[in-house]
Structures are given as structure tokens and as C-alpha cells.
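Lettering of chains follows the sequences in order, A, B, ..., and the numbering in each one begins at 1. The analysis underlying the following values was restricted to heavy atoms, covering all of them including side chains, and did not include hydrogens, waters or symmetry mates.
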Protein chains: 4
Amino acid sequence: MARPDTVTRILDTAEVLFAEKGFAETSLRNITTRAKVNLAAVNYHFGSKKALIQAVFARYLDPFSERLNLALDGLEARYRNGGVPLEVLLEQLATSVLEVPAERNSLKVFMKLLGLAYTQAQGHLRRYIQEHYGETFHRFVRCLRLATPDLPDAERFWRLHFMLGTVIFTLSGLDALRDIADSEYQEHMSVRELIRHLRPVVVAGMQAPLPASLEKVGSAVE
Amino acid sequence: MARPDTVTRILDTAEVLFAEKGFAETSLRNITTRAKVNLAAVNYHFGSKKALIQAVFARYLDPFSERLNLALDGLEARYRNGGVPLEVLLEQLATSVLEVPAERNSLKVFMKLLGLAYTQAQGHLRRYIQEHYGETFHRFVRCLRLATPDLPDAERFWRLHFMLGTVIFTLSGLDALRDIADSEYQEHMSVRELIRHLRPVVVAGMQAPLPASLEKVGSAVE
Amino acid sequence: MARPDTVTRILDTAEVLFAEKGFAETSLRNITTRAKVNLAAVNYHFGSKKALIQAVFARYLDPFSERLNLALDGLEARYRNGGVPLEVLLEQLATSVLEVPAERNSLKVFMKLLGLAYTQAQGHLRRYIQEHYGETFHRFVRCLRLATPDLPDAERFWRLHFMLGTVIFTLSGLDALRDIADSEYQEHMSVRELIRHLRPVVVAGMQAPLPASLEKVGSAVE
Amino acid sequence: MARPDTVTRILDTAEVLFAEKGFAETSLRNITTRAKVNLAAVNYHFGSKKALIQAVFARYLDPFSERLNLALDGLEARYRNGGVPLEVLLEQLATSVLEVPAERNSLKVFMKLLGLAYTQAQGHLRRYIQEHYGETFHRFVRCLRLATPDLPDAERFWRLHFMLGTVIFTLSGLDALRDIADSEYQEHMSVRELIRHLRPVVVAGMQAPLPASLEKVGSAVE
DNA sequence: GATGAATGAGTGTTCATTCAT
DNA sequence: GATGAATGAACACTCATTCAT
């Protein structure tokens, strides 16, 4: 069948437009027009715009979390005594991230979507992601804990999000940055390469010394 | 005058709403209703919603870039021969960021706005920021270059954005993260404190070893 | 067969929803979803929503008009010379009304539907009812004429509709009224009881003195 | 100014269409198109369709309840000791009803609206009417109580609604009934005349004997 | 200098109906 | 005999913007 079915066409179009313009700026008419599909088809197949957004995420996050879980199974088996080393853990995370879009659409879209999930999640999406993928995330956090036993829990929490910020922020805004880099430094950076460059930075960040103990700061800002 | 004038009231309200909900999700009605101002006042005083958005940014970025320029003047004078050390440079950046909201509204809003500028900038805003603050940004980049002479230019470019990702991403999503952290680790993190924790991570990231030389990667993803 | 067939399930569900919310506010999706039946089934089995509405009425009015006809046969045979007395006639009408729902669903639904027929009938329903049950109605009117020989024809016409108004209006809005009555007067009124209370009022209305002859009224309103 | 303002035009058009077709069957497009007004004007001036419906009712019920209150003031002053006689009370009610449309649009519309309020009120309208006119209604009920001291409270409650059914039902469906009556009895009935005919029926209904005491009825229907 | 009124374009959603299978 | 998919039309409502005053 040459022409993919309506549901797929809607999802394919929606994820691209969401990635390009965000949720609010992408109207259902945008999507259905470009997908050459009837306007009512979205509500027929998904029920609402919110449900469509969730479906778009599910198509990436379902295989991703499944793969990551399998990979963690393997790593935990291999490093039965003592935790998985930090580098290996992060390497595996990167690998899992890279694998998903290979069979789906594009890594860039995936990263943009992750960025949106953080910055535009209007509640319903945050809830959806937590409900469906929270367990996998917590499993990863537990592994990370074993890999960084010297880090206080709270510190690890923040550093994990520092790291997520680095990665998601960079990869989700990749196009704009690459345009600048291309013109200024004459070397085109592929996503794979960018990840190679991210790795030492992330590792160094996770292993950075703890901040100097708090001498009283003048006045709290808020 | 007890009641601030219309323009100020609009700006004060708009920045809060933009920070909370983004640009598209914040309607002029939202703003004018909450500001207790006539609906047409925005278009009257600013011309358009886009111009209002720019005005909101200008109110933060104008004093910020001015302060940063002054500070760099001082640092360059002090470290006349040889560049400003990396830690000092970053420290100054943090200080300048922290100073602005002290006289304006709130650091949280400032950070949220910076996050929006990256993730929701619809072209007009990106252009506006580049035009008005590009020069200051480049000056900072030049200082950074002197501070990290061993880093290849392209590598520095990317690491700078890694760092920006870390900071902006974390600070702009601070509320949600702090909620989680509060409940799980019983210690409330102020913005000042968070910046104290960010510093070693950012420094370590900038000084991380270069990635291992590129052995041929299987297949480029895109 | 434990599970009634599709047609019946649709009718059973539709009559309840129509009675609760009216025709326009009840969508075919409402009906088919609640009846656990395919959305297209209504159009398949009935042809259109209008035809479904008519079918719902027919399921009540067919047995009703048949019973009333039979009852009138009996009464006319008994009171061969001279008409059927008014009280007997009205009593028979009430009896016939009460019998139908006994074998169908509920009197409340029947009454609500009659109310809808008057207040929401969009033409097609009015026509349908006139065509199918007009003859029986006229037969009843003829009997009523014999029972109230002193009433001018036009007066009888209007009083009949006054009476219908009283009955249908009260019974079709019964739930709301009963709620109020329950809370204010601590006595719950069953439909049967309500009909007992209606009877003397209806009889008195039909037998009320004629209005005083028309002395010229100031100005006609329309 | 020959052309009435937008708000009035909307209300004038809406009340006619609501009266003709009901609330659900009347779309805002219907209204705005016929009123030659922009579609968004309804939401601009009234906020929502529900609010428009309420405004339509208020334009009739506000002057009506005000007039009725004044009239009851007068009657209570005149019949200081002992209540207002039933005939006088009902006469006054009829007079008040007739007065309102004289200065507004049409009695027919008023009656249709009252019918809709009973049969299509979707909650918000019922609540609105109760809130705004409940007190006046209760005052009238108190007067009615003095006028019919021999009637048990519950019985009076039901008879009041029997009477309301008679009146509203007849007047709100007047057009259809009048068409039939015209063709069959060659005498056209004006609203004023109809009310003259209603009076003895209503009075007789209110004064009808109480129902025979309840001999056990076979089986309760529901 | 400022605003109430108005507007055309657009939003997500729901509708009864159709049709290929 | 029955249904999942699809559709065109319509829905109430919101939007940023304009304009006469």
C-alpha cells in the first residue's frame, strides 16, 4: 500500500509541525491540510488535540523506554556486583536515544519533542509522561545512583537535570546552532558527532567537585 | 503616583503571563484584563503583540547588557595582559544576571523569558535580540576565548551552548524541579544557591577533556 | 436471547435520552455509545435521525391509539343512546395512557415524549403524528362533544387543549416538580396519585362556566 | 438614530428565533446573520450563548417581576385584613403579564420563552430564573395561600402548577392551535380573548373539590 | 491620550450522514 | 447484516487588530 493510512499520516505530519512551531502555534487545520486528511479525522481517530499530542510522544517514548529497559536489564546482569560505571550508563542512554529515531522519523524531531515536553508541557502532557514513563526514568535514576555513590542524593538530582538541560537544550535547538557554527567554523556537526562531543562534558559535569561550602550569602533573591 | 501608568502595568503583567504560559497561550485579553487596562491599550502603546514581546525583553536585556559591558570594561582593565580567568568571567556573568532582576521584577521571570527566547522565539524575537544584544554577546565570547586558549574555536562554541543549556534550562524550569526536589530531599534550593551549585559543573564542563579523536562512526544519522 | 437486538437497544436508549435532554441535545453518538451499538447502526436501521424519532413515538403511540380505539368501541357500545359521560370518558383516557407504559418502558418517558412532541416538534414529527394518530384523536374529540353538549364547539376545542396543557405539562415536568414538593411538603407523589389529583381539576375545568360575555376590551394586544 | 444598536438588535433577533425554534436549534450564526451583526458581537457583548439566553429572559422578566411586585404592594394595601380574593389575584397576574410585552416585543414571544424555560431550561437558565425571580414568585405563592385557605399546602402547590401548565402550554403553542381553530370554527381568538376564556377554567380548577380519599390503588406505576 | 465597539480570521470540536468492505 | 473509517458542514468561541470618537 503506497499511501500510509490516515492515522499514520496525521502523526507523521503532526510531529514535524509540533517540532517546528510548538503545540499552540500548530493548529489542527495546519496538520490536516498538510497531511491531506479531513479536518475531523484528528478528532475521529484521537479524540482531541491533547490526545494527538500524547500519541505523538508515545510513538517515540514507547519504543525508547522499552529499549532502555532492555538495555538496563543487560547492564545489570553484566555488572551484577557493583553498579554500572557512569560512562557505560551514559553511553547506553545515548545509544538508546539514537536507536529510536533510526526506525522512526528523525532524531531532530525526537529532541525537539523532548524540549517541548519540558518547556511547553501544559499539565496534561507532563502527567501523561510521568504516568507512562516515570517508572523507567526512576529505574535509570537508581542506576545512576549506584554509579555515583559519592554524590549526595539532592546533588545528583540537580546534576541529572543540569545534564538533561545540556543535552535536550542543545539537541532541540540544534538547527539554529548548526547554522551559526557552519558559517563560522566551516565544519558541519552531525548529531552523532555532537553526541560524541557532549559525552566528556556531561561526564565532567557529573563528576565535578561539590560546590564550596556555603558561606552566608548576602540576601536571598527569592 | 500610587498607580503605575498604563505602559508599566501592561509590561509588568505581560512578563509574568508570558513566563507562566508562553507567548501563544497568553492573549492580549489575558494581559489587559489582569492589568485592568483597556484591551486596545496594548496596540495603542506598543503597536502589536510582537512589539510588546520585544518590549518585555528589552526591559530586562537593556540593563543586563549595559551592566555586563561595564563589568567587562572593568575586568579587561584589570587583566590587561592575558585574558580574564574563566572562573572570574563566569562569576561576573552570574553576578550580572543576578543584579538585573533585583531592580526589576524577579529572577525567575527573567530566566523563564530567556528560556522562551530560545524555545519559542518565532523569528521576530530572535532577530530583535541578535540586533540589539548581539554585539555584547560577541564581546563576551571574545573574552571567553582568551580564557580558554586551548579550546578549538568550534569546540568552545558548542561548549558555550552546552553551558547555556544547562543554566537556562534549569533555571527556567526551576519551579517544577524545585517542587520535586523539595518533596524528595527536604531541602529547599534558592536561586542563589542553585547558581552556587551550577558553578563547578559549568566550569568542569568547559574544562572537560576533548572528545577522543573520531574513529569512524558506523552511519551518520542525519 | 439475553441481549436484545440492535434495533431494540437503539430505541430503548434513544427514548430515555430524548426524554432527558430533548432531540437536538441528544446526538446519535450519545445514543449509539450508550446502547453499545455501532454509530452507523441508526442510519442503517432507521435511515435518519428523524425516522428514529418517529419510531420512538410509534412504539408508544401505536399501542396507545389501538387500546384507546378498542376502549372507545366498548364505551360506545355500552352507552349506545346518549354519549359517554365526561367522567367516564376522561377516566378511560387516563386508563389507556397508564396501560401503555406498563408493557413498555416508563410512564415518565411517555409523558416527556408527549411534552416534546408539543414543544420541540420540528414539523416532521407533528406531521407524522397527525397522519398516524389524527383519526383516533378526532374520534375522541367526537365522543367528548357528545359528553359536553352544552359547550360551544370552539370553547370545547380550547378547553380540551387547556386540559392537555395541564396534564402533559405537569406530567412531563414531573421530576423537577416532585423534587420541590418532596422537600417542601414531605409527601411523595406517585404518578398514579398525581393523576388522581388531576382528575377533579380537569373535570372542573371542562365544566367551568362560560366566560362573561365580551364587553369591549380596551385594545387588542395582537 | 434610526438603526437600533447592536445589543438591541441581537436581543430582538434572538428572542424571536429562540421562540420559534428553541435554544439548541438556534445558532449564533442564525442570530447574527439575521440581525446583520458580526458573529463575534454576541460573545463580545454577552460573553456566551448562555448569557445571551439569560439576557433575553431578563428583558422580559425584569419589568414583569417589578410590575407584579408593585401590583402586589397595591393589593396588599387595599386588602389589609384578609387576603386578596383569588379572582382579583389571578386577574392581576394576567394584567401584569399582558402589560410587559405591550412595551416590549410580543406577548407570543414572552409566552414561548416561558414555555422554553420550563421545557428546555438546561440548568443554567433554571438557576438564573430562580435566583433572580424566585423571591417574587414566592411572594405570589404566599398571596395565593391567603386566597385559598381551605386548600392543603401540597394540593395548592400542585394546582398552581396545573394552572401554570394550562396557561403556558396553551399560550406558548398558541399559533399552531389558533391555525386549527381558525379553520375549523371560523372565529379568530386574540390573546386577550384567550385569557378571558382561560380565567373561569383556571378559577374552577383552583376551586375544584379535593380528590376522593385514596382507596388503595392496585400497583404503583413508579 | 485613550477607549468602547466592532470585526474578519481563526480556533478546537461535534454533527448526521455516507460508503467501501 | 453490519461496521470502521471518513467527511463536509456547522458549531460556540477566541484571537489580534482597527477605528470612530
Side-chain angles (χ1 to χ4, degrees), chain A residues 5-10 23-33 35-53, chain B residues 5-7 9-10 23-33 36-53, chain C residues 5-7 9-10 23-33 36-53, chain D residues 5-10 23-33 35-53:
Chain A
D5 71 339
T6 302
V7 169
T8 307
R9 298 246 303 292
I10 291 173
F23 303 131
E25 292 86 351
T26 303
S27 71
L28 295 189
R29 275 172 181 80
N30 278 173
I31 296 170
T32 53
T33 302
K36 294 194 200 312
V37 149
N38 186 278
L39 168 60
V42 169
N43 280 282
Y44 174 72
H45 287 288
F46 297 93
S48 70
K49 190 182 182 182
K50 287 183 180 179
L52 170 62
I53 292 175
Chain B
D5 69 343
T6 301
V7 170
R9 297 248 300 293
I10 291 173
F23 304 130
E25 291 86 353
T26 302
S27 70
L28 295 188
R29 258 185 186 71
N30 277 174
I31 296 169
T32 54
T33 302
K36 295 192 201 312
V37 149
N38 185 276
L39 169 60
V42 169
N43 282 282
Y44 177 70
H45 287 288
F46 296 92
S48 71
K49 189 181 183 183
K50 287 183 180 178
L52 169 62
I53 292 175
Chain C
D5 70 341
T6 302
V7 169
R9 297 248 300 294
I10 291 174
F23 303 130
E25 292 85 352
T26 302
S27 72
L28 295 189
R29 256 182 187 73
N30 277 175
I31 296 169
T32 53
T33 301
K36 295 191 199 316
V37 149
N38 185 276
L39 169 60
V42 169
N43 281 282
Y44 177 71
H45 287 289
F46 296 92
S48 72
K49 189 181 183 181
K50 287 181 181 179
L52 170 62
I53 293 175
Chain D
D5 71 339
T6 302
V7 169
T8 307
R9 296 248 301 292
I10 291 173
F23 303 131
E25 292 85 352
T26 302
S27 71
L28 295 189
R29 272 173 182 78
N30 279 174
I31 297 170
T32 53
T33 302
K36 295 193 198 314
V37 150
N38 186 277
L39 169 60
V42 170
N43 280 282
Y44 175 72
H45 287 287
F46 297 92
S48 69
K49 189 182 183 181
K50 286 182 180 179
L52 170 60
I53 292 174

J.: Respond yes when some side-chain nitrogen or oxygen of A:T6 is under 4.0 Å from OP1 or OP2 of F:dA6, and no when none is.
T.: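 For A:T6, the contact criterion (side-chain N or O under 4.0 Å from OP1 or OP2 of F:dA6) is met.
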J.: On DNA chain F, check which nucleotide each of B:T26 and D:N30 is closest to and give me the residue with the more 5' one.
T.: D:N30
J.: 5'-most contact on DNA chain F: C:L39 or D:S27, nearest heavy atom basis?
T.: C:L39
J.: Do D:F46 and D:I10 have side-chain heavy atoms sitting under 4.5 Å apart?
T.: yes
J.: Whole angstroms only, please: what is the CD1-P distance between C:I31 and E:dC15?
T.: 11 Å
J.: Atom CG of C:L28 and atom P of F:dT3: how far apart are they, to the nearest Å?
T.: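 Distance check: C:L28 CG to F:dT3 P gives 15 Å.
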J.: Work out which heavy atom in A:R9 is nearest to a heavy atom in A:K36; give both atom names and the distance.
T.: NH2-O, 2.9 Å
J.: Please confirm whether any donor atom in the side chain of A:R29 sits under 3.5 Å from an acceptor in the base of E:dG10, or the reverse.
T.: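 Counting by modelled atom types and ignoring angles, no donor-acceptor contact under 3.5 Å is found here.
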J.: What does the 5'-to-3' dot-bracket notation of DNA chain E look like when only Watson-Crick and G-U wobble pairs under 3.5 Å count, and pairs to other strands show as |?
T.: .||||||||||||||||||||
J.: Can you check the C:N38 CG to E:dA16 C1' distance for me, whole Å?
T.: 14 Å
J.: Return the set of residues passing side chain to side chain contact (heavy atoms under 4.5 Å, CB included) with B:T33 (not counting sequence neighbours), or none when no residue passes.
T.: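 None.
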J.: If I compare all heavy atoms of C:T26 with all of C:N30, which pair ends up nearest, and what's the gap?
T.: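 Heavy atoms only, the tightest pair is CA-OD1, 3.9 Å.
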J.: Which residues in residues 41-50 of chain D have at least one heavy atom lying under 4.0 Å from any atom of DNA chain E?
T.: D:Y44, D:H45
J.: To the nearest angstrom, how far is C:L52 atom CG from E:dA16 atom P?
T.: 10 Å
J.: Between F:dT3 atom C1' and C:K36 atom NZ, what is the distance in whole Å?
T.: 17 Å
J.: So if I apply the side-chain contact (heavy atoms from CB on, under 4.5 Å) rule between A:N43 and each of A:L28, A:N38, A:L52, which one comes out positive?
T.: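 Answer after filtering A:L28, A:N38, A:L52: A:L28.
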J.: State whether the side chain of C:K49 and the backbone N or O of C:F23 hold a donor-acceptor pair below 3.5 Å, judged by distance alone.
T.: yes
J.: Only counting residues at least two apart or in another chain, list the ones meeting side chain to side chain contact (heavy atoms under 4.5 Å, CB included) with A:T32.
T.: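 Partners of A:T32 under the side chain to side chain contact (heavy atoms under 4.5 Å, CB included) test: A:V37, A:L39, A:V42.
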J.: Using whole Å, what does the distance between atom P of nucleotide E:dT14 and atom CD of C:E25 come to?
T.: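 Rounding to the nearest Å, CD of C:E25 and P of E:dT14 are 16 Å apart.
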